[in-house]
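Order of the sequence lines fixes the chain letters, A, B, ..., with proteins taken first and strands second; residue numbering starts at 1 for each chain.
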2 protein chains.
Amino acid sequence: MSLCAEKPTPGPEEYSISELAREFDITTRTIRFYEDQGLLSPSRRGQKRVYQKADRTRLKLVLRGKRLGFPLTDIRRMIQLYDEPGGEAKQLDLMLSQITNSRSTLLQQQLDIELQLKEFDDIEARCKARLAQLRSPQNT
Amino acid sequence: MSLCAEKPTPGPEEYSISELAREFDITTRTIRFYEDQGLLSPSRRGQKRVYQKADRTRLKLVLRGKRLGFPLTDIRRMIQLYDEPGGEAKQLDLMLSQITNSRSTLLQQQLDIELQLKEFDDIEARCKARLAQLRSPQNT
DNA sequence: TAGCAGGTTTACGTTAACGTCAACTGGAAG
DNA sequence: CTTCCAGTTGACGTTAACGTAAACCTGCTA
C-alpha cells in the first residue's frame, strides 16, 4: 500500500475492468468487446479504463438484455433510449416507436413464459405421479 | 389434379415442409436444420418428409424457445421433457431437476421483463413530456 | 533493478444457426 | 418424352459473440 493518495475521486465510485468482470461473472474480454460494439464507453485514466457507476448500470442493462436473448445490436438501441432524449421532435418520435416495438416483443415473451411455465407444472405433476406409482405398495 | 386417391391418410392432418415453412415464416432450410439437430423427426413418404400434428406442435415449441432466446441444445432438452417419461426413477428425477432449472431461468426472465417494461414506461413518459414542451405555446 | 500483477491492443480461432449454391430425384402436366 | 415443380442431400459461406494467444506498457514491491 502506498502512502495515502488513496481516493483522488472519492465521489461516484469507480471500478476497474476486472472488478466488473468478477462482479458479473463475465470476462474482461467480453467487457472490452461490448465497448467495441458501442455498448459501453468508460473514461480512461492514462490508458486504463475506469468505470463509473453509470457505466456499471449500462453493463447491467446489457446483461439483462442478454438474459432475454436479444442480440447486441438490439440491446444497443435499447440502452441508447436511456440517454438524454435527442431534443428534436423527429428523434423523440423515433424513440417512442422503438419503445413500442421493444415493448411488444417483451409482451410476447411474457406470454411465452407463462405458457411454458404452465406446461412445466403439468409435466412435473405427471412425473411425480409416475414416481409415486413406482414406489407404490402393489409391486411387491 | 390426378383422379381421386386424394386422401390416403385422412386422419391426423399432415403438412409438407414448405407448408410449415410458410405458416411459421421460416425457411425449409431451417426446418431441415432443426431435424438435423434432433428437434424434429418427421415420418417420410418415400424420401419426402411428412409432418404430423405432433411434429407441428414440436416446431411451435422450438420457435417459442427461440423467442425466449434459448440455444437449440437447451430447447432440445426442454422439448424432450414432453415425450413419454422414461420409466426409470432415475430418469424421472433427472427430468424433475431439469424442470426446476429451466423454471428458474424463466422466472428470472419474468423479473427482467417487468423491470424493463417499467423503465420503458418511464422513458416514454419523459419523451412525451418533452414533446409536449416542444409544442408548448411559449415558443411562438 | 528486476520482476510481477493487472491492463492494453492486435489478430486469429471457434461455435451456433442458419444462408446459399449445386446436383440429383420422383411425380404430374403438357 | 420433356419439362417443371417440390423436395432431397451435400458442401461451403456467413454473422454474432466471444475465446485465446502474443507482445507490449506500467506502476509498485522486493
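Contact annotation: A:Lys66 reaches the phosphate of D:dC18 (side-chain N/O to OP1 or OP2, under 4.0 Å). Taking only side-chain nitrogens and oxygens, A:Arg49 comes nearer than 4.0 Å to OP1 or OP2 of C:dT9.
Across C:dT8, C:dA17, D:dT8, the shortest atom-to-atom separation from the side chain of B:Ile17 is found for D:dT8. The side chain of B:Gln47 lies closest to C:dT25 when the candidates are C:dT25, D:dA17, D:dC25. Between D:dA6, D:dT9, C:dC18, one nucleotide has an atom nearer to the side chain of B:Ser18 than all others, and that is D:dA6. Side-chain proximity of B:Thr30 to the nucleotides C:dC18, C:dA17, C:dG7 is greatest for C:dC18.
Residue A:Arg44 is the one, among A:Arg44 and B:Thr27, whose nearest nucleotide of DNA chain C lies closer to the 5' end (criterion: closest heavy atom). The residue among B:Arg29 and B:Glu19 whose nearest nucleotide of DNA chain D lies closer to the 5′ end is B:Glu19.
Salt-bridge annotation for B:Glu13 and B:Arg56: absent, with no side-chain N of the basic residue lying under 4.0 Å from a carboxylate O of the acidic one. Using a cut-off of 4.0 Å between Lys/Arg side-chain N and Asp/Glu carboxylate O, B:Asp122 and B:Arg126 are scored as salt-bridged. Salt bridge absent: A:Glu119 and B:Lys60 never bring a charged side-chain N and a carboxylate O closer than 4.0 Å.
Residue A:Leu72 contributes atom CG, which lies 4 Å from atom P of D:dA17 at whole-angstrom precision. In this structure, the NZ atom of A:Lys48 is 9 Å from the P atom of D:dC28, given to the nearest Å. Between A:Asp36 atom CG and D:dA17 atom P there is a gap of 13 Å when expressed in whole angstrom units. If you take CZ of A:Phe33 and P of C:dG7, they are 20 Å apart, rounded to a whole angstrom. Atom C1' of nucleotide C:dG7 and atom CD1 of A:Ile31 are separated by 12 Å, given to the nearest angstrom. In this structure, B:Tyr51 atom OH and D:dA6 atom P are separated by 16 Å, rounded to whole Å.
Heavy atoms of B:Ser16 sit under 4.0 angstrom from primed sugar atoms or phosphate atoms, though from no base atom. Residue contacts shown for A:Tyr34 are limited to sugar-phosphate atoms, with no base heavy atom under 4.0 Å away.
Looking at B:Ile17, B:Ile31, B:Leu40, B:Asp55 one by one, the single match for side chain to side chain contact (heavy atoms under 4.5 Å, CB included) with B:Arg49 turns out to be B:Ile17.
Linking ILVMFWY residues whenever their side-chain heavy atoms come closer than 4.5 Å, directly or via other members, leaves A:Leu111 and A:Phe70 in distinct clusters.
Side-chain N/O atoms of B:Arg32 and base N/O atoms of D:dT8 include no donor-acceptor pair closer than 3.5 Å.
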